[in-house]
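All heavy atoms count here, side chains included; hydrogens, waters and symmetry mates do not.
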Amino acid sequence: MDRILKAARTSGSLNLSNRSLRDVPNEVYKNFDEAGEGDKWWEAVDLQKLILAHNNIEKLKEDLRNLPLLTVLNVSHNKLSELPAAIGELHMLKSLDVSFNSIMKIPDEIGSATALVKFDCSSNQLKELPSSLGRCLNLSDFKASNNCITSLPEDLADCSKMSKLDVEGNKLTVLSNNLIASWTMLTELIASKNLLNGMPETIGSLSRLIRLDLHQNRILSIPSSISGCCSLAEFYMGNNALSALPAELGKLSKLGTLDLHSNQLKEYCVEACQLRLSVLDLSNNSLSGLPPEIGKMTTLRKLLLTGNPLRTLRSSLVNGPTPALLKYLRSRLPENEDSEASTTKEDLITMATRLSVTSKELSLEGMNLSAIPSEIWEAGEITKLDLSRNSIQELPPELSSCASLQTLILSRNKIKDWPDAILTSLSSLSCLKLDNNPLRQVPSDGFKDIPMLQILDLSYNIASLPENPPFSSLPHLQELYLRRMQLREAPTDILRLQQLRILDLSQNSLQSIPEVTYIFVMLQKKSINTELVDKNQQFIPQLN
């Protein structure tokens with residue numbers, strides 16, 4: 001503990017999470033005023049970030065006011081029943097997380113923490129929110145899910161920068177028109193699992209809204225003003241009481257996911273057949289038939305219809321693959337409309353990037369791409385990118401802007417040169433797959449910029465490894481695939497990979513395994529799945 005506190009005196013950041021603490025150490029409240037023996041007092045800084053999550057803390061003292069420069073405070077997953085009034089004296093506080101406690105009331109003084117940008121009070125025992133929260137004019141990310149809140153204070157309308165609101169799992173009966181009209185910057189609105197009996201007419205003012213989740217409420221209808229949500233990509237309305245859909249729904253040109261399951265719909269309106277959806281869930285409604293125009297929705301990957309009294313469609317079609325159902329519906333169109341609706345490559349890329357907005361995963365597998373489209377680095381902070389089974393020859397420099405990328409799959413392309421210029425900016429990369437490419441030799445320092453890599457696949461890149469592959473610069477590597485590389489001996493550098501679990505050297509020309517390597521594999525037998533002996537040209541003793 002002393003070592004951690006000493007380090008915090010110079011960094012301004014203190015993380016005491018998961019330490020079974022029942023109280024906050026007094027040294028923290030004193031803001032390290034008393035320098036320890038040997039400390040350089042002139043290097044000490046005030047505490048700015050305090051993490052106390054996952055402990056057994058029952059109370060925060062009013063001494064919290066002694067931390068005036070605090071910008072981040074996380075006391076989630078504790079046993080707090082209240083917050084001190086001193087929370088309002090933290091005028092620099094930008095992020096406050098008090099989720100997963102037993103807090104029954106947020107003090108009115110919270111309104112004095114005017115720098116607050118992110119506030120998470122989810123999973124507590126709140127019945128109401130203080131109106132003073134409306135004085136936090138910079139509040140943009142607010143989460144109050146899984147409480148017992150019955151209404152939102154109208155003063156929150158002053159928080160005009162609100163971009164993400166999550167009030168799932170409460171007892172809200174209404175979202176006021178005034179509040180919704182004031183939050184024009186909203187990109188995510190989650191109010192599922194409440195008691196809402198309707199949607200506000202002002203919903204159309206949310207032109208930046210990307211995700212709207214109102215599932216499991218008591219909503220009877222969708223207002224026609226929904227057409228104003230022109231950026232909407234995901235719309236969840238399952239488990240409500242909808243009996244009809246507005247024609248204006250068909251104007252949501254960017255909508256990719258539409259969930260309408262478990263309602264009372266008797267028909268799917270023809271106008272909504274104009275949508276270029278990827279997922280449409282109509283299961284458990286009262287549909288007796290479908291408009292044949294749905295057959296034109298060729299971007300659909302999944303159309304769910306089970307639990308409907310469909311009389312005009314065979315069960316094999318309803319329960320079968322979506323493309324077959326769409327083809328059948330197209331055959332029911334009048335002759336002048338019975339043309340095979342085609343989906344362009346650009347449409348598919350647009351749909352894929354749309355789905356990545358919230359999932360942070362983008363797949364453009366098998367789209368016959370010869371170059372990487374700009375939509376990738378314009379899609380936001382994606383963490384997984386799958387470009388396998390294309391004809392890509394080189395990676396553009398712009399790809400380096402995807403700094404959040406953790407998984408990069410480039411299997412089965414035409415890449416010849418090692419992408420070192422790109423990898424320099426992808427320090428968070430944990431999975432890299434470059435198998436089945438005509439890759440030239442990997443540079444001797446090719447892995448130095450991706451030290452966090454856990455999975456590496458270079459299979460079927462014949463003779464691409466240097467004489468001494470630098471695997472030791474990947475200390476976290478857990479899986480290494482080097483199938484069909486024309487290897488004659490196992491790279492000795494793998495001896496230093498203490499985290500390695502899977503090593504695949506199959507389909508090579510191994511003559512033998514060096515004794516040290518054999519010992520290494522034997523020692524790791526309980527945690528390593530080795531395929532060293534599989535499909536090599538020479539027999540290697542089976543590891544028992």
Item checked: Whether S163 side chain and S140 backbone form a donor-acceptor pair below 3.5 Å -> yes
Margin query: Could you go through S428 and M452, starting from their C-alpha distance and side-chain angles, then the distance that decides it, and tell me whether this counts as side-chain contact (heavy atoms from CB on, under 4.5 Å)?
Written below: CA-CA 6 Å; S428 299; M452 303 306 295; over 6 Å; no
Check: Heavy atoms, side chains only, cut-off 4.5 Å: are R440 and W418 in contact?
Finding: no
Margin query: Which heavy atom of P491 sits nearest to which heavy atom of L482, and what is that distance?
Written below: CG-CD1, 4.4 Å
Notebook entry, point to check: So, S231 side chain and L209 main chain: donor-acceptor pair closer than 3.5 Å or not?
Noted result: no
Check: Hey, does the side chain of T187 reach the backbone of I210 with a donor-acceptor pair shorter than 3.5 angstrom?
Finding: no
Notebook entry, point to check: Do the non-hydrogen side-chain atoms of T306 and N319 ever get within less than 4.5 Å of each other?
Noted result: yes
Next item on the list: Determine the interplanar angle of the H54 and H77 rings, folded into 0 to 90°, and report it as parallel if under 30°, tilted if 30 to 60°, perpendicular if over 60°.
Entry: parallel
Item checked: Backbone of L510 reached by a side-chain donor or acceptor of N508 within 3.5 Å -> no
Margin query: Please give me the minimum heavy-atom distance between L186 and K164, naming the atom from each residue.
Written below: CD2-N, 3.8 Å
Notebook entry, point to check: Between OG1 of T383 and CD of E361, what distance do you get to the nearest 0.5 Å?
Noted result: 5.5 Å
Notebook entry, point to check: Quick one: are R211 and I190 in side-chain contact, heavy atoms under 4.5 Å?
Noted result: yes
Note to self: If only side-chain N and O atoms count, and only distance matters, is there a donor-acceptor pair under 3.5 Å linking S192 with E168?
What the structure shows: yes
Next item on the list: Check each of L456, L505, L503, I502 against Y481 using the side chain to side chain contact (heavy atoms under 4.5 Å, CB included) test, and report the only one that passes.
Entry: I502
Checklist line | More than 12 heavy atoms from other groups under 6.0 Å of CD on Q441 | finding: yes
Check: Donor-acceptor pair, N390 side chain versus M367 backbone, under 3.5 Å?
Finding: yes
Note to self: Can you confirm whether L385 sits close enough to L399 that some side-chain heavy atom of one is under 4.5 Å from a side-chain heavy atom of the other?
What the structure shows: yes
Item checked: Expected output: side-chain N101 to main-chain N78 donor-acceptor under 3.5 Å -> yes
Checklist line | Contact summary for L500 and E479, nearest pair of heavy atoms | finding: CD1-N, 4.0 Å
Notebook entry, point to check: Just checking, is any N or O donor in the side chain of S411 or N436 under 3.5 Å from an acceptor N or O on the other one?
Noted result: no
Notebook entry, point to check: Is there a donor-acceptor pair under 3.5 Å between the side chain of N437 and the backbone N or O of L439?
Noted result: no
Notebook entry, point to check: Are any of the side-chain heavy atoms of L429 and L453 separated by less than 4.5 Å?
Noted result: yes
Check: Is there side-chain contact between D504 and S459, with at least one heavy-atom pair below 4.5 Å?
Finding: no
Margin query: Looking at L69, is its backbone amide N or carbonyl O close enough to the side chain of D46 to form a donor-acceptor pair, meaning the two atoms are under 3.5 Å apart?
Written below: no
Note to self: Check whether T299 reaches the backbone of L277 with its side chain - one donor and one acceptor, N or O, closer than 3.5 Å.
What the structure shows: yes
Check: So, for L303 and T322, which heavy atoms are closest and what is the spacing to 0.1 Å?
Finding: N-OG1, 3.2 Å
